[in-house]
Amino acid sequence: MNRNTVNHKKRMLAGLPYIADMGGLAQERMQCKRKIWEFNNLHPDNASRIPELVRGIFGSAGEGAYIEAPFHCDYGTNITVGKNFFANYNLTILDVAPVVIGDNVMIAPNVSIYTAGHPVHPDSRNSGYEYGMPITIGNNVWIGGSVTILPGVHIGDNCVIGGGSVVTKDIESDTIVAGNPAHVIRKITSEDRDYYFKNRKFDVMDY
Ligand SMILES: CC(=O)SCCNC(=O)CCNC(=O)[C@H](O)C(C)(C)COP(=O)(O)OP(=O)(O)OC[C@H]1O[C@@H](n2cnc3c(N)ncnc32)[C@H](O)[C@@H]1OP(=O)(O)O
């Protein structure tokens, strides 16, 4: 078996080593770039088209999916988001493997979600083979500004990822993590419900 006898798209999506410029993958990325260009150059007066354009880029998007431009991804078709997805400015998703994101996920500015990687040895890296490992993000997750999520990471439901974190390992549900590498700060409990920031309690009833 060598690079001329295999299906590179199938291998990419299966987490096997593949070549990014073979098997029609470059053409698929070009199609994505056209859609992203249209999205990133949308006039602010036409913002009502954002959900429709987002649905056209992603493999699937639930109701209310919204992204602030600029946004970048490789294929788009490998990204699934649930309902009420919100991403702030400058989200980059390298979706060479599936990226599955649940409902009610909020992403702050300058977040990077990377499924892609290269072999560490220079000989194998220079051979052109690379890989993608899927990333999943559960329901009700808030990802802070400038977070980087690395290949193969799974983040559970109801998590908060502190600003500036580099997430290198799976995160259990109901957890706040932060830092580089991200570590658990604490679990989220029912006592957190009454506070909006540190020890500041809500002064309204409908939270
Ligand atoms: C969708 C949008 O656009 S949102 C807009 C962008 N906003 C953001 O990105 C804000 C993200 N917010 C954060 O990162 C916050 O720090 C939170 C939510 C993680 C804070 O969670 P809390 O449980 O309230 O943590 P708290 O502030 O009490 O800090 C607990 C400890 O974790 C540390 N810590 C908190 N956040 C971080 C962080 N991002 N990186 C490293 N350490 C952190 C604190 O220094 C503290 O350490 P100490 O115990 O040694 O003093």
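Worth saying up front: this structure is predicted, and the values here are computed from it rather than measured. Whatever order the structure lists ligands and atoms in, that order sets their numbers, starting from 1.
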Lys/Arg-Asp/Glu bridge criterion (N-O < 4.0 Å) met for D21, R3: no
Protein non-hydrogen atom found under 4.0 Å from atom 39 (N) of ligand 1: yes
Of the listed options A108, A87, S146, closest to atom 6 (C) of ligand 1 (non-hydrogen atoms): A108
Top protein contact for atom 25 (O) of ligand 1, by heavy-atom distance: I185 CG2, 4.7 Å
Flag side-chain contact, heavy atom, 4.5 Å: N40 against F71: yes
Distance flag for atom 2 (C) of ligand 1, protein heavy atom under 4.0 Å: yes
Where P119 and E130 come nearest, the two heavy atoms and their spacing: CD-CA, 4.4 Å
Any protein heavy atom < 4.0 Å from atom 51 (O) of ligand 1: no
Heavy-atom gap W142 to ligand 1 smaller than 4.0 Å: yes
Under 4.0 Å to a heavy atom of G144 - the qualifying atoms of ligand 1, by number: 9 (O)
Test item: I143 and M106 side chains (from C-beta on) under 4.5 Å apart, heavy atoms: no
Heavy-atom nearest neighbour in the protein, as seen from atom 19 (C) of ligand 1, with distance rounded to 0.1 Å: G162 CA, 3.7 Å
Y75-R29 side chain donor-acceptor pair, cut-off 3.5 Å: yes
Identity and separation of the nearest protein heavy atom to atom 17 (C) of ligand 1: V160 CG1, 4.7 Å
Within-4.5 Å side-chain heavy-atom neighbours: F85 and N104: no
For atom 8 (C) of ligand 1, the option (of P109, G163, G145) bearing the nearest heavy atom: G145
I143 contact mode with ligand 1 (heavy-atom cut-off under 4.0 Å): neither
Modelled atom types, side-chain donor and acceptor of H72 and T92, under 3.5 Å: no
Pair R55 + E52: basic N to acidic O under 4.0 Å: no
Under-4.0 Å protein heavy-atom contact, atom 14 (O) of ligand 1: yes
Nearest option to atom 22 (P) of ligand 1, as decided by whichever heavy atom of K187, K198, M106, R186 sits closest: R186
Between Y207 and D194: side-chain donor-acceptor atoms closer than 3.5 Å: yes
Flag: protein heavy atom within less than 4.0 Å of atom 46 (C) of ligand 1: no
Nearest protein heavy atom with distance in Å, relative to atom 42 (N) of ligand 1: A178 CB, 3.9 Å
Min side-chain heavy-atom separation V153-T168 under 4.5 Å: no
For I107, atoms of ligand 1 separated by under 4.0 Å from a heavy atom: 1 (C)
Under-4.0 Å protein heavy-atom contact, atom 30 (C) of ligand 1: yes
Any side-chain heavy-atom pair of Y18 and V6 under 4.5 Å: no
Those atoms of ligand 1 less than 4.0 Å from some heavy atom in N88: 3 (O)
Ligand-residue contact atoms, ligand 1 with I176, heavy atoms, under 4.0 Å: 19 (C), 23 (O)
Student check: side-chain heavy atoms of V147 and N110 closer than 4.5 Å: no
